[in-house]
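Note sheet for the following structure.
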Number of protein chains: 4
Amino acid sequence: MVIVGSVYRQTARTRILDAAEELFSGGGYDATPTARIAELAGVPKGLLFHYFPRKIDVLISLVDERTLVTEYDAEEVVEREAAAAPGDAAGALSRLARRLPLHASPAMRRILFREADTHLSVRERLGRLNAEIIKRARFALELAMPGGRGDAARLEAAAATFAAVLLYQESICQLTGHHIDPDAVAELIAHALG
Amino acid sequence: MVIVGSVYRQTARTRILDAAEELFSGGGYDATPTARIAELAGVPKGLLFHYFPRKIDVLISLVDERTLVTEYDAEEVVEREAAAAPGDAAGALSRLARRLPLHASPAMRRILFREADTHLSVRERLGRLNAEIIKRARFALELAMPGGRGDAARLEAAAATFAAVLLYQESICQLTGHHIDPDAVAELIAHALG
Amino acid sequence: MVIVGSVYRQTARTRILDAAEELFSGGGYDATPTARIAELAGVPKGLLFHYFPRKIDVLISLVDERTLVTEYDAEEVVEREAAAAPGDAAGALSRLARRLPLHASPAMRRILFREADTHLSVRERLGRLNAEIIKRARFALELAMPGGRGDAARLEAAAATFAAVLLYQESICQLTGHHIDPDAVAELIAHALG
Amino acid sequence: MVIVGSVYRQTARTRILDAAEELFSGGGYDATPTARIAELAGVPKGLLFHYFPRKIDVLISLVDERTLVTEYDAEEVVEREAAAAPGDAAGALSRLARRLPLHASPAMRRILFREADTHLSVRERLGRLNAEIIKRARFALELAMPGGRGDAARLEAAAATFAAVLLYQESICQLTGHHIDPDAVAELIAHALG
DNA sequence: TATGAATGAGTCTTCATTCAT
DNA sequence: CATGAATGAAGACTCATTCAT
């Protein structure tokens with residue numbers, strides 16, 4: 001009953017975060033008045049400040065709670081996949097892309113990039129995400145081509161490039177109107193290293 | 001007198017743009033009050049609105065006047081270089097990177113990325129830059145490997161990836177703390193296509 | 001159980017008043033949110049309003065319960081002292097000063113003066129204190145110099161002046177940084193009347 | 001014309017200070033919204049913040065500009081008076097009281113005392129005033145009774161007591177309802193030293 | 001052109017107080 | 001009694017923009 005109740009009637013705090021996520025991703029943090037967040041959440045303005053003393057705390061909580069790096073044992077999964085399809089570097093990267101360790105909605109990703117250079121805590125989170133993706137891409141590539149072909153520097157550039165494409169693909173599409181396909185980049189990289 | 005007058009006028013307008021460039025790139029467009037622009041430019045607040053009726057006009061003028069795509073005949077230069085070093089795809093891309101068609105200062109690049117998703121005119125300009133870079137990268141790669149090795153899709157992915165790395169390299173470095181080397185990426189791509 | 005209950009209840013109420021005394025004397029009534037009183041008292045916010053329906057009731061209760069005019073028979077004490085040291089007007093005033101009929105802590109005195117002009121009930125209490133001190137000073141001086149030397153007006157000025165010095169000595173010291181010694185003033189007054 | 005103009009039509013800044021003086025002295029600084037100051041001054045709310053960036057700056061400016069210690073040569077005046085009426089210590093103090101070196105209106109004095117313990121700059125100004133009054137009282141008394149009768153400590157207590165009475169007389173009257181007459185205190189002190 | 005005072009809508013934030021549990 | 005979420009009115013302060021001179 002209690003559980004069902006909480007499911008049916010989201011808590012005020014959750015509704016506030018939902019509203020903020022939508023509005024921040026739409027118009028940006030600065031352009032979103034707290035009043036509009038409260039309005040969309042269906043709570044009085046004061047309640048927002050009951051849960052989040054300052055406006056920035058809404059953003060911080062959003063980033064803290066909704067951009068989690070996945071917690072499953074990533075390495076084990078990658079190893080299993082590598083064993084199942086040996087030598088398939090492109091496939092390994094593509095699978096990594098699909099498991100992008102952003103628990104976040106596309107909205108949250110937009111928020112992450114948009115606010116990163118203004119707000120330290122957001123930037124830190126973005127930095128950690130990038131490092132994590134690079135680490136996993138490097139690991140996947142090493143597994144896929146055990147012979148160590150290609151030098152270390154090239155593999156490093158490949159991992160960093162792939163991470164950049166993954167992180168920025170939506171931003172690139174939105175800002176430049178040009179769609180970039182992670183699978184095509186994965187194939188390109190695999191060819192470069194293979 | 002007339003000349004002096006026009007000199008003064010230009011000076012004021014230029015100083016306003018200089019100040020705006022510095023402040024926008026530092027704190028962002030929204031966070032920069034017009035009063036501070038005027039103050040830093042050393043002009044009275046009213047004069048700013050004499051030259052730029054609305055605040056957004058300062059940003060628009062900045063983007064229009066200070067992020068010019070280079071006007072030299074890019075294709076001709078690339079052709080000459082390709083002839084001088086046939087088959088050197090990596091070098092072609094590296095040279096392209098060094099001629100990045102942003103006349104803009106690093107400050108202007110920061111402004112471009114930061115404000116692109118909020119302000120249409122900035123986004124348009126960024127889209128045109130991206131398209132231009134992709135076009136030149138494609139052209140350079142085609143020239144470097146005339147045999148048409150590699151299929152078209154892969155070449156397209158290569159051009160788009162390189163453009164993304166070029167455009168975002170500073171953003172990536174600033175936001176994630178991870179430095180990405182365009183030359184290494186150029187070498188990677190050349191290897192993929194070669 | 002009942003006893004324990006009443007002990008707890010009293011404890012909560014007392015802790016609220018303790019916290020309010022500390023905070024009001026520190027930052028002033030207006031600058032002290034009820035939330036901080038409750039926090040310092042270690043009680044939930046709602047409980048504070050259970051005991052004190054309005055914020056001002058906390059101040060009123062504080063003044064009512066913690067700035068009591070002493071209840072011993074002041075006149076009798078003064079008479080006994082006067083008999084023991086006849087003619088010692090300065091000593092009589094000094095002893096009066098030491099028995100200052102403020103049961104209150106220095107904190108409560110600060111509250112009294114600070115809030116007097118804003119809150120009627122506090123002002124009334126302060127007025128009563130002043131009147132009481134003047135009365136006692138007059139009585140002590142009359143006893144100490146029974147000959148009736150000095151005219152009535154001068155004695156009145158002496159009593160009022162001494163009361164002012166007693167009441168405001170801490171305020172003067174705190175606000176102006178100048179320390180004023182009640183004993184020296186007592187000696188001065190005694191000399192004026194003697 | 002310009003002068004007449006400025007006389008007829010007070011500047012907005014002056015009207016703001018006038019309004020603040022009236023309202024601060026009435027209800028206190030904290031209880032006075034900036035909106036009401038602007039309203040009483042007949043200026044838009046924003047203009048108040050054009051002249052005084054923070055609310056506290058209104059109070060600071062008020063204290064800085066409207067509680068000036070008089071600039072005439074006080075010592076010379078006192079000396080002349082002392083020569084004209086030798087031995088008249090009571091008269092000297094009474095004359096000093098009438099020249100109370102507060103250029104300020106009674107309203108400003110109320111503000112000074114009320115806000116002194118909350119705002120440093122106000123407290124500093126009050127401390128300087130007190131020191132100045134004590135200095136002048138001491139000087140006046142020394143001139144009036146050149147024989148050096150009475151010891152130094154008593155003279156010091158007399159000066160401090162008189163300063164306290166002068167500074168706090170209005171506060172005492174307002175808070176306790178008891179009127180204290182500076183002339184009577186002057187006579188008392190003169191008698192004590194005489 | 002040049003100047004800075006004037007304007008007022010809008011924003012974040014605080015806080016006493018209520019109320020359902 | 002106890003709890004802390006809920007409420008909304010009110011306050012300080014910001015800032016783009018206008019305007020008279």
Side-chain angles (χ1 to χ4, degrees), chain A residues 11-13 16 30-39 41-58, chain B residues 2 4-6 8-13 29-39 42-58, chain C residues 4-6 8-13 29-39 42-58, chain D residues 11-13 16 29-39 41-58:
Chain A
T11 68
R13 188 174 186 281
I16 291 170
D30 285 327
T32 303
T34 54
R36 198 146 46 168
I37 300 173
E39 186 189 33
V43 302
K45 223 177 355 174
L47 192 56
L48 189 150
F49 287 92
H50 176 70
Y51 289 109
F52 309 98
R54 300 161 306 161
K55 184 189 181 185
I56 189 67
D57 291 324
V58 178
Chain B
V2 170
V4 169
S6 74
Y8 268 77
R9 175 173 51 200
Q10 191 188 26
T11 295
R13 189 177 185 282
Y29 173 83
D30 285 326
T32 303
T34 53
R36 200 147 45 171
I37 300 174
E39 185 191 35
V43 304
K45 225 182 335 180
L47 194 56
L48 187 150
F49 284 89
H50 175 72
Y51 289 112
F52 309 96
R54 299 162 307 158
K55 183 189 180 185
I56 191 65
D57 292 324
V58 179
Chain C
V4 169
S6 74
Y8 268 76
R9 175 173 51 201
Q10 193 188 23
T11 296
R13 190 176 185 281
Y29 173 83
D30 285 326
T32 303
T34 53
R36 199 147 48 171
I37 300 174
E39 185 190 35
V43 303
K45 226 185 332 181
L47 194 55
L48 187 150
F49 283 90
H50 174 72
Y51 289 112
F52 309 96
R54 299 162 306 158
K55 183 188 181 185
I56 191 68
D57 292 324
V58 178
Chain D
T11 68
R13 189 175 185 282
I16 291 170
Y29 172 84
D30 285 325
T32 303
T34 53
R36 197 144 48 165
I37 300 173
E39 185 191 33
V43 303
K45 223 175 0 172
L47 192 56
L48 188 149
F49 288 92
H50 176 70
Y51 289 111
F52 308 98
R54 297 162 309 159
K55 184 188 180 187
I56 190 65
D57 291 325
V58 179

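Letters A, B, ... are given to chains in the order of the sequence lines, protein chains preceding strands, and every chain is numbered from 1. Please read these numbers as outputs of a predicted model, since none were measured by experiment. The basis for the numbers below is simple: all heavy atoms, side chains too, and nothing from hydrogens, waters or symmetry mates.
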Query - Atom-pair distance (CZ on B:Phe52; P on F:dT18), nearest Å - result: 16 Å
Query raised in the report: What's the CG-P distance between D:Asp30 and F:dA12, to the nearest Å?
Result: 9 Å
Report task. Would you tell me if any nitrogen or oxygen in the side chain of A:Tyr51 comes within less than 4.0 Å of OP1 or OP2 on F:dG4? Result -> no
Query raised in the report: Got a second to check how far A:Arg13's CZ is from A:Leu48's CG, nearest 0.5 Å?
Result: 10.5 Å
Report summary line: Of B:Gly42 and A:Ile56, the one whose closest nucleotide on DNA chain E sits nearer the 5' end is B:Gly42
Query raised in the report: Nearest-Å distance, CG (A:Asp57) to C1' (E:dT13)?
Result: 12 Å
Report task. Take atom CD1 of D:Ile16 and atom P of E:dA5, then tell me their distance rounded to the nearest Å. Result -> 11 Å
Query raised in the report: D:Pro44 has a side chain; which of F:dG4, F:dT17, E:dA6 sits nearest to it?
Result: E:dA6
Query raised in the report: Rounding to a whole Å, what distance do you find between C:Ile37:CD1 and E:dT17:P?
Result: 11 Å
Query - Length of the line joining D:Lys55:NZ and E:dT14:P, which is rounded to integer Å - result: 16 Å
Query raised in the report: Between the main-chain N or O of C:Phe49 and the side-chain N or O of C:Lys55, is there a donor-acceptor pair closer than 3.5 Å?
Result: no
Requested in this report: Using atom types as modelled and distance alone, determine if a side-chain donor or acceptor of D:Tyr51 lies under 3.5 Å from a backbone N or O of D:Ile16.
Outcome: no
Report task. Look only at the side chain of C:Lys45 and the backbone of C:Arg36, and say whether a donor-acceptor pair between them is shorter than 3.5 Å. Result -> no
**Report entry** Side chain to side chain, D:Val43 and D:Ile37, heavy atoms closer than 4.5 Å
**Finding:** no
Query raised in the report: Of A:Arg54 and C:Pro33, whose closest DNA chain E nucleotide lies nearer the 5' terminus?
Result: A:Arg54
Query raised in the report: Quick one: which of F:dC15, F:dA6, F:dA12 gets closest to the side chain of A:Ala12?
Result: F:dA6
Query raised in the report: Picking from F:dA16, F:dA5, E:dA5, which would you name as closest to the side chain of A:Leu47?
Result: F:dA5
Requested in this report: Look at the side chain of A:Thr34 and decide which nucleotide, out of F:dT7, E:dA2, E:dC12, has an atom nearest to it.
Outcome: E:dC12
Query raised in the report: What is the distance, rounded to the nearest whole Å, between atom CZ of B:Phe49 and atom P of E:dA6?
Result: 18 Å
Report summary line: Among E:dT13, F:dA6, E:dA5, the one nearest any side-chain atom of C:Lys45 is F:dA6
**Report entry** Residue matched to F:dT21 through Watson-Crick or wobble contacts both under 3.5 angstrom
**Finding:** E:dA2
Report summary line: When rounded to whole Å, the CG to P distance for the pair C:Leu48 and E:dC15 reads 14 Å
Report task. Among the candidates F:dC13, F:dA2, E:dA5, find the nucleotide nearest to the side-chain atoms of D:His50. Result -> E:dA5
